[in-house]
Each structure stands twice: as C-alpha cells, then as structure tokens.
Amino acid sequence: MAYWLIKSEPDVWSFQDQVDKGAPEEWHGVRNYAARNHMRAMKVGEKAFFYHSNQGKEIVGIAKVAALVHPDSTTDDPRWECVDFIADKPFKRPVTLEEIKVHPNLQDMILVNNSRLSVQPVTEREWKIICELGGVKP
DNA sequence: GCCAACGTTGGC
DNA sequence: GCCAACGTTGGC
C-alpha cells in the first residue's frame with residue numbers, strides 16, 4: 001500500500017465538495033508528467049492526504065482511490081490521464097503547511113521541498129505522523 | 001499582488 | 001537534443 005498527497009485549490013474543488021459528492025470524482029486537470037506518473041502508480045483503495053493550496057495551506061482530510069488511471073475527460077490529449085477519488089474521512093484538526101515545515105520528521109516531504117508538484121507520494125512514516133497530528137487513525 | 005521556482009513548449 | 005522563452009503554480 002502506497003500513500004499519496006493530492007492538492008486542490010478549495011475555490012475550485014474543496015475537500016467538502018469531495019465529501020458532498022459522496023461518489024467517485026475524476027481528479028482531472030493534471031498537466032504534469034511527474035504528477036500523472038504518480039497517478040498511474042495508484043491502486044484502488046490507496047489513500048491520499050487532501051491538501052488545500054493557496055487558501056488554507058493545510059491538509060484537511062483523506063481521500064481514497066476509487067478507480068485506476070484512465071483518460072482525462074477534460075482533454076482530448078491522450079497524454080493526460082487521471083484516477084478517481086472518493087472522500088474517506090476528514091481530519092479532526094487540519095494540519096497546516098506551517099506545522100509540517102517546522103516538524104523535525106517531515107522535512108523530506110515533497111510538499112516542503114517542491115511546492116509545485118500537485119500529486120506526490122508520502123512515506124509510511126510521514127503518513128503516520130500526519131494522521132496523528134490530524135487526530136485520525138492511520 | 002508579487003515573484004521565485006519550475007515545467008513545458010517550440011525553434012534551431 | 002539543447003536551451004531560451006513563456007506560462008503556471010503557489011507561498012508569502
């Protein structure tokens with residue numbers, strides 16, 4: 001089981017939107033090879049932190065992969081593919097970027113070192129630490 | 001609103 | 001295949 005982190009601007013698609021949807025939603029719009037490749041590696045049932053960029057700058061919950069990679073319906077360009085996500089559970093308490101940046105054991109996170117990658121892997125150790133901070137079971 | 005960092009595009 | 005130009009992301 002691999003762990004991931006996905007980013008979304010809450011203005012465009014927030015975790016609450018994902019929860020309200022209550023069904024799988026295409027994670028479309030990614031136009032970056034590295035991010036796409038991470039989605040290609042995802043398996044159904046794997047979990048991802050849902051991060052709000054720009055506004056909030058915090059992880060607010062967990063989403064689950066609901067469908068394997070498939071063509072992105074928002075483009076005809078066959079290079080761009082995406083998976084579907086469904087909301088898993090919200091954090092009891094959001095974990096802010098600020099908090100992550102000062103945490104001694106989270107310094108190697110891509111979120112800290114490459115703020116622009118919108119789909120990124122998370123190690124098991126990082127996953128556990130952040131779940132604890134967020135008040136949920138890993 | 002600014003701007004640095006980064007990734008993609010496209011000419012050569 | 002290189003690299004300059006350009007566009008976008010996202011923190012501040």
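These numbers were taken from a predicted model, which means no experiment stands behind them.
Using a distance-only test at 3.5 Å, with no hydrogens or angles considered, a donor-acceptor pair links the side chain of A:Gln107 to the main chain of A:His103.
Taking a heavy-atom distance under 4.0 Å as the criterion, the stretch of DNA chain C touched by chain A extends 5' to 3' from C:dG7 to C:dC12.
Under the side chain to side chain donor-acceptor pair (under 3.5 Å) criterion, A:Asp11 pairs with A:Gln55, not counting sequence neighbours. In terms of the ring-ring contact (aromatic ring centres under 6.0 Å, His included) criterion, residue partners of A:Trp80 (sequence neighbours excluded) are, by chain and number, A:Tyr33. With sequence neighbours left out, the salt bridge (Lys or Arg N to Asp or Glu O under 4.0 Å) criterion links A:Lys128 to A:Glu124.
For residues 96-117 of chain A, the salt bridge (Lys or Arg N to Asp or Glu O under 4.0 Å) pairs, not counting sequence neighbours, are A:Arg93-A:Glu99.
Clustering ILVMFWY residues whenever any of their side-chain heavy atoms sit less than 4.5 angstrom apart, transitively, puts A:Leu68 in a cluster other than the one holding A:Val119.
Contacts with DNA chain B (heavy atom under 4.0 Å) in residues 50-62 of chain A: none are found.
Taking the six-membered ring where the residue is Trp, A:Trp27 and A:Phe50 present perpendicular rings, their angle passing 60° and hence far from 30°.
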